Amino acid sequence: FLLDGKVTINKPSGDRTPFYVSGGGAFKKTNAGAMFDAANNATSEIFFNNVKFVGNPAVNVVGFKCNQEFIRGYFYNCSFESLDVCFDSTGYLMQSFRIDGCDFSGIKSWVIDCGTTGGYPTGSAYDVHITHCQIEGQSGGVFRGSPGGVSVGQCVIENISGQPAFYIT
């Protein structure tokens, strides 16, 4: 699917009914901005399985703008290519994410950016786990922010230039 704008996941705050996107397709965005965001605080139980997210290296495309305390996101066997940031939680809380078996390539800034502006003084991530992923061939790092239970395990991380792999604030 070619996205001209963004897809806003509009679930009521605290609704734990799962939202699933599955099956070998791709979302591609060629203009700047986010691919996905959330309309309400504490949007949760978002599952993506075997989905490809492709940006445009000439502009800043964000995979997921984790505003409004986007929590409990699950990404299995997905591919992220040519994005500026995959998960942008700048100034907000990113909580309870599972990223497993995913490939990241051509990322310009960060896989996860919990930067330093907005509602949380340093941006924070809690209970975020990245496992069995391949992160390579990019100028961006893996994680920036204040970790409160972030783990990266059994991943291949190589050929990263321009940013440190991890920047703890």
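Please read these numbers as outputs of a predicted model, since none were measured by experiment.
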Under 6.0 Å between the ring centres of Phe75 and Phe64?
-> yes

Which word best sums up how the rings of Phe27 and Phe53 line up, parallel for under 30°, tilted for 30 to 60°, or perpendicular for over 60°?
-> parallel

Do Phe1 and Val61 belong together in a cluster built from hydrophobic side chains that touch within less than 4.5 Å?
-> yes

Write down the atom of Cys86, the atom of Ile107, and the distance for their closest heavy-atom approach.
-> SG-CD1, 3.5 Å

Side chain to side chain contact (heavy atoms under 4.5 Å, CB included) evaluation trace for Ile99 with Phe104 = CA-CA 11 Å; Ile99 302 166; Phe104 299 88; 3.8 Å; yes

Side chain to side chain, Gln138 and Lys108, heavy atoms closer than 4.5 Å | no

Taking Lys29 for the side chain and Gly5 for the main chain, is one N or O donor matched with an acceptor at less than 3.5 Å?
-> yes

Answer with yes or no whether the hydrophobic clustering places Tyr20 together with Ile9; edges join I, L, V, M, F, W, Y residues whose side-chain heavy atoms lie under 4.5 Å apart.
-> no

Does Val21 share a hydrophobic cluster with Leu83, counting links as ILVMFWY side-chain heavy atoms below 4.5 Å and allowing steps through other members?
-> yes

Given side chain to side chain contact (heavy atoms under 4.5 Å, CB included), test Asn77 with Asn49 step by step and report yes or no.
-> CA-CA 6 Å; Asn77 303 314; Asn49 183 27; 4.0 Å; yes

Val85, Ile135: one ILVMFWY side-chain cluster at the under-4.5 Å cut-off?
-> no

Do you know the tightest heavy-atom contact between Ser82 and Pro57?
-> CB-CD, 3.9 Å

Minimum side-chain heavy-atom gap Arg16-Ser44 below 4.5 Å = yes

Using a distance-only test with no angle check, is there a side-chain donor-acceptor pair under 3.5 angstrom linking Asp84 and Ser109?
-> yes

Between Thr131 and Asp100, does any side-chain donor sit less than 3.5 Å from a side-chain acceptor?
-> yes

The reported gap from CD1 in Ile112 to OG in Ser89 (rounded to nearest 0.5 angstrom) is 9.0 Å

How many angstroms lie between atom CD1 of Ile71 and atom CD of Gln95, to the nearest 0.5 angstrom?
-> 5.0 Å

Shortest non-hydrogen pair, Val142 vs Ile130, comes out as CG1-CD1, 4.3 Å

Distance col, row Thr43:OG1 vs Lys11:NZ, nearest 0.5 angstrom, shows 7.5 Å

Between Ile157 and Val152, is a side chain to side chain contact (heavy atoms under 4.5 Å, CB included) present by the stated rule, with each step listed?
-> CA-CA 10 Å; Ile157 302 171; Val152 178; 4.1 Å; yes

Verify whether the ring centers belonging to Phe166 and Phe143 lie closer than 6.0 Å.
-> no

Closest non-hydrogen atoms of Ala34 and Lys6, given as atom of the first, atom of the second and distance, are O-CB, 3.0 Å

Would the number of heavy atoms belonging to other residues, nucleotides or ligands and lying under 6.0 Å from NZ of Lys52 be above 12?
-> no

Using atom types as modelled and distance alone, determine if a side-chain donor or acceptor of Ser13 lies under 3.5 Å from a backbone N or O of Asn41.
-> yes

The reported gap from CD in Gln163 to CG in Asp113 (rounded to nearest 0.5 angstrom) is 8.5 Å

Minimum heavy-atom separation for Phe97 to Met94, with atom names?
-> CD2-CE, 3.3 Å

If we ignore angles and hydrogens, is there a donor and acceptor under 3.5 Å between the side chains of Thr8 and Asn10?
-> no

Please step through side chain to side chain contact (heavy atoms under 4.5 Å, CB included) for the pair Thr30 and Val59, ending with a clear verdict.
-> CA-CA 8 Å; Thr30 58; Val59 298; over 6 Å; no

Is Met35 reachable from Val54 through a run of I, L, V, M, F, W or Y residues, each pair having side-chain heavy atoms under 4.5 Å apart?
-> no

Does a salt bridge link Arg72 with Asp127, judged by any charged N lying under 4.0 Å from a carboxylate O?
-> no

Taking the six-membered ring for Trp and the full ring for Phe, Tyr or His, determine whether the centres of Phe19 and Tyr74 are under 6.0 Å apart.
-> no

From the list Trp110, Phe80, Phe36, ring pair (Phe, Tyr, Trp, His ring centres under 6.0 Å) partner of Phe87 resolves to Phe80

Which heavy atom of Cys133 sits nearest a heavy atom of Gly101, and at what distance?
-> SG-N, 3.8 Å

Can you measure from CD (Gln134) to OG (Ser105) and round to the nearest 0.5 angstrom?
-> 8.5 Å

